[in-house]
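The next block holds one structure in the form of C-alpha cells; read it before the comments.
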Amino acid sequence: MCGVCGCSDPTNQVTMTDMASGRTSLLRSGPAPEVPAGLSAAEAHAFAHAHGLPHDHDHGHDHGHDHHHDHDQAHPHPAAAPGLHGGTVALETAILAKNDAIAARNRGWFEGRGVLALNFVSSPGAGKTALLEATIRALAGQAEIAVIEGDQMTSNDAERIRAAGAAAIQINTGAGCHLEADMVAEAARALNPAPGTLLLIENVGNLVCPAMFDLGEAMKIAVISTPEGEDKPLKYPHMFRAVKIVIINKMDLAPHVGFDEAACRANIRAVNPGAEIICLSARTGQNLQAWLDRLLQLRAAI
Amino acid sequence: MHELGMARSIAAIVGEHARGRKVRGVRVAIGPRACIERQALAFCWDIVTEGTVLAGATLGFVEAEGETFTVKDYEIREDA
C-alpha cells in the first residue's frame, strides 16, 4: 500500500525531463508551506508566488465576451451549513475527483488533436520499454510516435526511447508509484503532438496503483511476460479488469520457463472476458506485426 | 493501496469544506471494487489529521456499490 511507498506524500518531489532539450522542471515541489494567517490579500498573494502555491489571479475582463459562471460544483455555503451547533454535512464528493477532472480534460485535448493516447501498465521488467522501442523502430516513417515515460528515478527509459527515434518526456515520480493526470497534462503540452500521433504513456512499473488513476488515455494496455507466470491476472485483478488489451511478452522464453499460454489466457478471461490478448516477443520480433496492425487500426479509428 | 494519499485527499476535502469548524467524524463510502484497504486508510487517517483541525475526528465507513469512493458526509462537533 502507498502508506509504505509514500506516494502523494507532500514531501515527495516530481520532476519532468524533456529529452530533446535536456531540461528538467519541477512538477511538484515537495512540502507546500501553508499561507500564514493574518496576511493581507496582497501579502498572501505574494507569499503564494514566493512559495509556488496554487492561487488565483484576479484580472479585469476587457476583451468583450460573455461569461457564464456555472454553479453546479459542490462548494461550501456557510449560510446553508448546519455549522454552529453541530449536525451532519452531506458531501458526496469523489475522492479522486481532482485527478478525474484533469483526466477528462486530457481526454478532450487528445481527441481534439486527433492523438491516440495509450497507457501501458505492467510490473517492472515485463518489457514495456522494449515493446515501445520495437514499435517505434517498426513504425518509423509510418506513424508519428511520442512517449511519456514514468519511473521513480532515472531517465534511462526516455533515453532508450529517444535512441529508438521518438520524442520522449521522462517523468520521475520520486516516491510515487504511478502517474497522475496532471503529470501527463504537463508532459503532453511539452511534447505538443501533431494530429495522428500515437502518444504512448509508459506508466510506473506497478500492477496495483496505476489502475486507480485515469490519465485521459483512450485505453489501458497491460503487458505481462512469460517468466512472471500465468497467474498474474488472478493476483492483480483490478488492473487486468481495467485494461482493454493484454500483451503477453517474451514468448521466445516461454519454452524455457514452462509458460502455459492456455492457462494464462484462461486467467485473463476469468477477470476480464472482453480483453484482447496478443502474444509476442518484443526482443525477437515474433508476432510483433499483429500488435502493430492493431495499433494502426486503433489510430485509424480516432 | 494509496491509502496515505487518499487519506490526505479526504482530509483536504473535509478541511476545505468545514472551514475551521471542529469535526467529530467523517464517513467515507467505499465500494467493493474501489481498491481501498479500510484498515490502512484508518491508520493513515490518524497520521494525516494529527495536529490539524481534523485531529481526533473519527473515520467511518459506509458500504457502497462498485468502484464508489466518496466522502459521504461529516459531523460537526456541537461544542464548536
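In what follows, every chain begins at residue 1, and chains take the letters A, B, ... in the order their sequences are listed. Source: prediction; values computed, not measured.
- Here the shortest heavy-atom pairing between H238(A) and P32(B) reads CE1-O, 4.5 Å.
- Heavy atoms of other residues, nucleotides or ligands lying less than 6.0 angstrom from NZ of K72(B) number 12 at most.
- Between atom CD1 of residue I13(B) and atom NZ of residue K98(A) there is a gap of 7.5 Å, rounded to the nearest 0.5 Å.
- V28(B) touches chain A through its side chain: at least one heavy atom from C-beta onward sits under 4.5 Å away, while N, CA, C and O do not.
- With rounding to the nearest 0.5 Å, the separation of OH in Y74(B) from OG1 in T93(A) is 9.5 Å.
- Using a 4.5 Å cut-off on side-chain heavy atoms (C-beta onward), D73(B) and T88(A) make contact.
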Q: Evaluate the side-chain contact (heavy atoms from CB on, under 4.5 Å) criterion for residues E67(B) and R241(A): first the C-alpha distance (whole Å), next the side-chain angles of each, then the deciding distance (0.1 Å), finally the verdict.
A: CA-CA 12 Å; E67(B) 295 175 0; R241(A) 226 175 263 139; over 6 Å; no

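- Contact between M212(A) and A34(B) at its shortest, heavy atoms only, is CE-O, 3.7 Å.
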Q) Can I95(A) and I10(B) be said to form a side-chain contact (heavy atoms from CB on, under 4.5 Å), step by step? A) CA-CA 6 Å; I95(A) 288 151; I10(B) 297 164; 3.6 Å; yes

Q: Could you go through the side-chain contact (heavy atoms from CB on, under 4.5 Å) check for H17(B) and L91(A) one step at a time?
A: CA-CA 9 Å; H17(B) 202 275; L91(A) 272 185; 3.3 Å; yes

